[in-house]
*Asks:* 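Dropping a structure here in structure tokens format, bear with me for questions.
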Amino acid sequence: MSVWAILVAAGRGERLGLDRPKVFANLGDEPLLAEPLRRLEACPWVDAIVLVAPPGWEEPAILLAEEEGCGKVRSCVAGGETRSDSVRAGLEEVADDAVVVLVHDAARPLVSDEVVGRVLAPLSEGWDGVVPGLPVGDTLKRVGGDGGVEETVARDGLWAVQTPQAFAADVLRRAMASDKLSQATDCAGHVEAAGGRVKVVEGDPRLLKVTTEADLETVAGWLA
Ligand code: CTP
Ligand code: MG
């Protein structure tokens, strides 16, 4: 079974607000992108990696992959306007004989072998996709533009979903090609829209997505 990972790193990082894309922000004393690259490279379940870089940043991304000795990186391509476009660009580079595609946000640096193992396992039971998630702990309210509460949403059965997300390669290809209209913000959303069955397994709080400076400091603290 060949497992290809698409590492999506092409976002602008507007909320972090640096003069460079978020994946080139400093995490400790190296670019954030180095951490997830190294971890996927070392992951025994991953056979090959496609790196999706911010447009214009392909070269520094390739150089970093070379510096880190990432021999599994088969290709580095520029991403698109949305995350879904970036995943589509990455999928173009995945070999036809890939059986499984694992899509991971570079903005979640602390991907682990354990979580990769957890998302891969149920694929052999016939699930189309498997995503890591954490049950929502806080009370959820829908709030209007004026700050007024419109409703309290029952949180039973609600999970916050992370990456890496694993898919049967043919299912993901078909879903990403057919579902161009939904506003899905993750790959699983596209697979669901195309009628696929997606399972949620236990995620990891350390898969925090770096969005702000405080998140960067939190992840740097976990690494220290
Ligand atoms: N991503 C991507 N291509 C895009 C948008 C996002 O590859 N057009 C990637 C990001 O690089 C990140 C992941 O998808 O690894 C999740 O996106 P997000 O956390 O929103 O990152 P950014 O879009 O970079 O940040 P912001 O929304 O603050 O601009
Ligand atoms: Mg974004």
Side-chain angles (χ1 to χ4, degrees), residues 4-27 30-41 43 46 49-62 64-65 68 70 73-94 101-112 115-116 119 129 131-134 160-167 172 175-176 179-191 203-220:
W4 281 62
I6 299 177
L7 185 59
V8 282
R12 282 194 282 268
E14 272 163 9
R15 288 167 288 183
L16 192 55
L18 298 180
D19 57 354
R20 55 195 186 280
K22 180 159 76 184
V23 297
F24 288 97
N26 279 358
L27 178 61
E30 58 183 9
L32 181 155
L33 180 59
E35 191 68 36
L37 256 181
R38 263 201 310 267
R39 287 170 175 250
L40 289 177
E41 174 71 26
C43 178
V46 172
I49 300 170
V50 175
L51 180 52
V52 185
W57 290 76
E58 298 92 320
E59 230 173 88
I62 292 169
L64 183 65
E68 296 293 335
C70 296
V73 175
R74 293 286 183 280
S75 158
C76 176
V77 288
E81 193 47 40
T82 66
R83 183 186 185 278
S84 298
D85 293 335
S86 294
V87 172
R88 289 187 187 97
L91 266 176
E92 297 282 325
E93 303 296 312
V94 170
V101 175
L102 191 73
V103 182
H104 184 59
D105 291 333
R108 303 180 193 272
L110 301 190
V111 58
S112 66
V115 78
V116 172
V119 295
V131 305
L134 297 172
V161 161
Q162 308 172 315
T163 75
Q165 302 190 344
F167 303 93
L172 183 63
M176 296 304 295
D179 178 39
K180 294 217 165 117
L181 296 177
S182 84
Q183 299 297 305
T185 50
D186 69 349
C187 295
H190 291 290
V191 169
D204 183 344
R206 293 193 174 213
L207 282 170
L208 174 72
K209 188 171 74 164
V210 171
T211 304
T212 63
E213 189 63 42
D215 298 330
L216 257 182
E217 283 165 21
T218 301
V219 173

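Just so you know, ligand 1 is whichever comes first in the structure, and atom 1 is the first atom listed for that ligand.
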*Asks:* Do T218 and D215 pair up side chain to side chain, a donor and an acceptor below 3.5 Å, judged on atom types alone?
*Replies:* no
*Asks:* Does the side chain of L91 come within less than 4.5 Å of I6's, by heavy atoms?
*Replies:* yes
*Asks:* Does R15 have any salt bridge (charged side-chain N to carboxylate O under 4.0 Å, His left out) partners at least two apart in sequence or in another chain, and if so, which?
*Replies:* none
*Asks:* Would you mind writing out the side-chain donor-acceptor pairs for residues 32-41 within the sub-3.5 Å range, not counting sequence neighbours?
*Replies:*
residue, atom, partner, partner atom, Å
E35, OE1, R38, NH2, 2.9
E35, OE2, R39, NE, 2.8
E35, OE2, R39, NH2, 3.4
R38, NH1, E30, OE1, 3.3
R38, NH1, E30, OE2, 3.2
R38, NH1, E68, OE1, 3.0
R38, NH1, E68, OE2, 3.4
R38, NH2, E30, OE2, 2.7
R39, NH1, V111, O, 3.0
E41, OE1, G71, N, 3.2
E41, OE1, K72, N, 3.0
E41, OE2, G71, N, 3.2

*Asks:* Please enumerate all residues that pass salt bridge (charged side-chain N to carboxylate O under 4.0 Å, His left out) together with E14, with sequence neighbours excluded.
*Replies:* R12
*Asks:* List the steps and the verdict of side chain to side chain contact (heavy atoms under 4.5 Å, CB included) for Q165 and D186.
*Replies:* CA-CA 9 Å; Q165 302 190 344; D186 69 349; 2.9 Å; yes
*Asks:* What residues sit with at least one heavy atom under 4.0 Å from ligand 1?
*Replies:* V8, A9, A10, G11, R12, G13, E14, R15, K22, G80, E81, T82, R83, S86, D105, A106, A107, K209
